[in-house]
> 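Have a look at this one.
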Number of protein chains: 2
Amino acid sequence: MIVRQAAHVLELLEYFASRRRPATLSEVAQDLGWPRSSTFNLLGTLAERGYLYEPRAREGYYPTPRLLHLAREISEAEPLPEAVTTLLRDLVEETGETAGIAAASGTEAVFIEVCESPRPIRYFARVGLRMPIHNTSCGRAILSQMGATERASVLRKVPFERFGPATPMSVSEVEAEIRRSVERGWFQNLAEFSQDLCGVSLPLPLGGRQLALVVAGPLNRMQERIPALAARMRRGLDHALAA
Amino acid sequence: MIVRQAAHVLELLEYFASRRRPATLSEVAQDLGWPRSSTFNLLGTLAERGYLYEPRAREGYYPTPRLLHLAREISEAEPLPEAVTTLLRDLVEETGETAGIAAASGTEAVFIEVCESPRPIRYFARVGLRMPIHNTSCGRAILSQMGATERASVLRKVPFERFGPATPMSVSEVEAEIRRSVERGWFQNLAEFSQDLCGVSLPLPLGGRQLALVVAGPLNRMQERIPALAARMRRGLDHALAA
DNA sequence: CCGCCTTGTTCATGGGTGTGGACAAAGAAA
DNA sequence: TTTCTTTGTCCACACCCATGAACAAGGCGG
């Protein structure tokens, strides 16, 4: 069950992030399609907790830097090493494709860091973007790091659904693909999840965390480069982990 | 009316900020005193939106850096100039007391930047801390920048409540004190809000924003230094605004 | 100044949601 | 293995809160 008002808080914060200036009650209500009275209550709640203020009288609310402080404290506790983020930048520069770091979240994988390709046609990803864990290269790279029972308990909950002809449709197909990938030395995904989308991933164990390094782009640009790409990622990863 | 689940989101994020490591459903439920089922729904909602992930299988959830990205986008849109934050640091160093920047939020003033005194006995403030707008020095420094009608509409909603012998108990008392302060050249508060607490403030108009610079500390350390303090703040402010 | 329109605030109520409890799954102990 | 405890998941229902509607307060144009 999804908690509506919790989602609304996130929606409101995202609204301010894209708007980048204060908003009055009516503006928020209109833009987000909420009743004015509900908006009133929600803004009041966030303001009371010190998360909203009024930069100018009568010009509406805007988030205080309190959120930033909170987020900093949270992120500084489990940071990604500098070497990993520079690796992402290097990979994007050399390959021209989008690179990222993903982790598990229920039956999905979620990006916790992304460096986007500069090309007009590219894999468009952002931190927080989620994708199925069983039919993406980075998802399986994460799964490969779990123990058999843990992986089983995740896969049991997966809602197998067909996205394309190559989509695996059962636990055993996923397990088989993971085995093949381990032998091969890298994880890959050829349009299993989204038409035209191709990903190459490597497991990235980091301070006990089960992460994955992934480079993804359009199938036609990626397909014949996969082995070379995987080799380059492996070198970069070994170098970064050694640091 | 306070929106419970919205407040719970903030509580949860603050929980992670102080805990600084992943938490399982049961731990969250126990530590925050929520029913397990409600906790389940809330965590699920945040996870679905890409704000939570599982660093290690079976070791619980932790916020993704998505929140940090969001907060950065929000704060970069209305930043405080470098000169202001260095002014705060300078003031703390020279005076030994806590310095901060405050803004309006309904009938309260809220800190949007704080630099704390290093002394063991000090005014303890954090970004997001709120205080009544009518009986604090910084609150009145903010009010002084508003037009008469705007100020009136704020003051009409103030719940006048006695915190101490000096607390102003009516709109006209507040207006009178603001007038006195403008003539005097600075705003001050001698234990009106909290026993033993003394604040000195100056209005800080910044890009149209109605802010206030405040230095606060224990009454006995502050009282006879007030004029000197105010003069020092004025100099620093003029210098910072010129930059 | 007076209407008119927009914005902000309050409140009673019924539809949606938080929660207790039942169940399932996974460790822990034996 | 089996049993016991802990943790995670599901669900129906009572209750509470989100909301529509009414009201108050500004703002604006005439």
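Computed over heavy atoms, backbone and side chain alike; hydrogens, waters and symmetry mates excluded. Within every chain, numbering begins at 1; the chains are lettered A, B, ... in the order of the sequence lines, protein sequences first and strands thereafter.
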> Please list, chain by chain and in numerical order, all residues satisfying side-chain hydrogen bond (donor to acceptor under 3.5 Å, both in side chains) with A:Thr24, sequence neighbours excluded.
A:Glu27

> Atom CD of residue position A:Gln30 - does it have more than 12 heavy atoms of other residues, nucleotides or ligands inside 6.0 Å?
no

> Whole Å only: how far is the CD1 atom of A:Ile2 from the P atom of C:dG18?
11 Å

> Could you tell me which residues satisfy side-chain contact (heavy atoms from CB on, under 4.5 Å) with B:Ser170, sequence neighbours excluded, listed by chain and number?
B:Ser172, B:Glu173

> Could you write out each protein N or O paired with an N or O of nucleotides 26-30 of chain D at a distance under 3.5 Å?
| residue | atom | partner | partner atom | Å |
| --- | --- | --- | --- | --- |
| D:dG26 | OP1 | B:Arg156 | NH2 | 2.5 |
| D:dG26 | OP2 | B:Arg156 | NH2 | 2.8 |
| D:dG26 | O3' | A:Arg58 | NH1 | 2.6 |
| D:dG27 | OP1 | A:Arg58 | NH1 | 2.2 |

> B:Pro79: which residues meet the side-chain contact (heavy atoms from CB on, under 4.5 Å) condition with it, sequence neighbours left out?
none

> Rounding to an integer number of Å, can you tell me how far A:Leu52 CG sits from C:dG8 P?
14 Å

> For B:Arg180, is there an ion pair with B:Glu177 - N to carboxylate O distance below 4.0 angstrom?
yes

> What donor-acceptor contacts under 3.5 angstrom involve side-chain atoms of residues 100-108 of chain A, with partners at least two apart or in another chain?
| residue | atom | partner | partner atom | Å |
| --- | --- | --- | --- | --- |
| A:Ser105 | OG | A:Arg130 | NH1 | 2.7 |
| A:Ser105 | OG | B:Leu52 | O | 3.1 |
| A:Glu108 | OE2 | A:Arg130 | NE | 3.1 |
| A:Glu108 | OE2 | A:Arg130 | NH2 | 2.8 |

> Could you state the atom-to-atom distance from CZ of A:Phe40 to P of D:dA22 in whole Å?
19 Å

> Could you state the atom-to-atom distance from CD of B:Glu48 to C1' of D:dT9 in whole Å?
16 Å

> Between the protein and nucleotides 19-21 of chain D, list the N/O to N/O atom pairs that are separated by less than 3.5 angstrom.
| residue | atom | partner | partner atom | Å |
| --- | --- | --- | --- | --- |
| D:dT19 | OP1 | A:Arg4 | NH1 | 3.2 |
| D:dT19 | OP2 | A:Ser38 | OG | 2.2 |
| D:dT19 | O5' | A:Ser38 | OG | 3.2 |
| D:dG20 | N7 | A:Ser37 | OG | 3.2 |
| D:dG20 | O6 | A:Ser37 | OG | 2.8 |

> According to ring pair (Phe, Tyr, Trp, His ring centres under 6.0 Å), who are the partners of A:Phe163, at least two apart in sequence or on a separate chain?
A:Phe193

> Tell me the interatomic distance from B:Leu43, atom CG, to C:dT19, atom P, rounded to whole angstroms.
13 Å

> Mind jotting down which residue pairs meet the ring-ring contact (aromatic ring centres under 6.0 Å, His included) criterion with at least one end in residues 38-66 of chain A? Sequence neighbours excluded, please.
A:Phe16-A:Tyr62

> Could you tell me the separation between the CD atom of B:Glu59 and the P atom of D:dG8, rounded to a whole number of Å?
12 Å

> Filter on ring-ring contact (aromatic ring centres under 6.0 Å, His included), then keep only pairs touching residues 129-152 of chain A, sequence neighbours left out; what's left?
A:His134-A:Phe160

> Just to confirm, is there a sub-4.0 Å distance from OP1 or OP2 of D:dT9 to any side-chain nitrogen or oxygen of A:Lys157?
yes

> Excluding sequence neighbours, so at least two apart, what forms side-chain contact (heavy atoms from CB on, under 4.5 Å) with B:Glu150?
A:Ala57, A:Arg58, B:Met146

> Return the residues of residues 12-29 of chain B meeting this criterion: a heavy atom under 4.0 Å from some atom of DNA chain D. Order them by number, or give none.
B:Thr24, B:Leu25, B:Ser26

> side-chain contact (heavy atoms from CB on, under 4.5 Å) with B:Glu59: which residues, sequence neighbours excluded?
B:Arg56

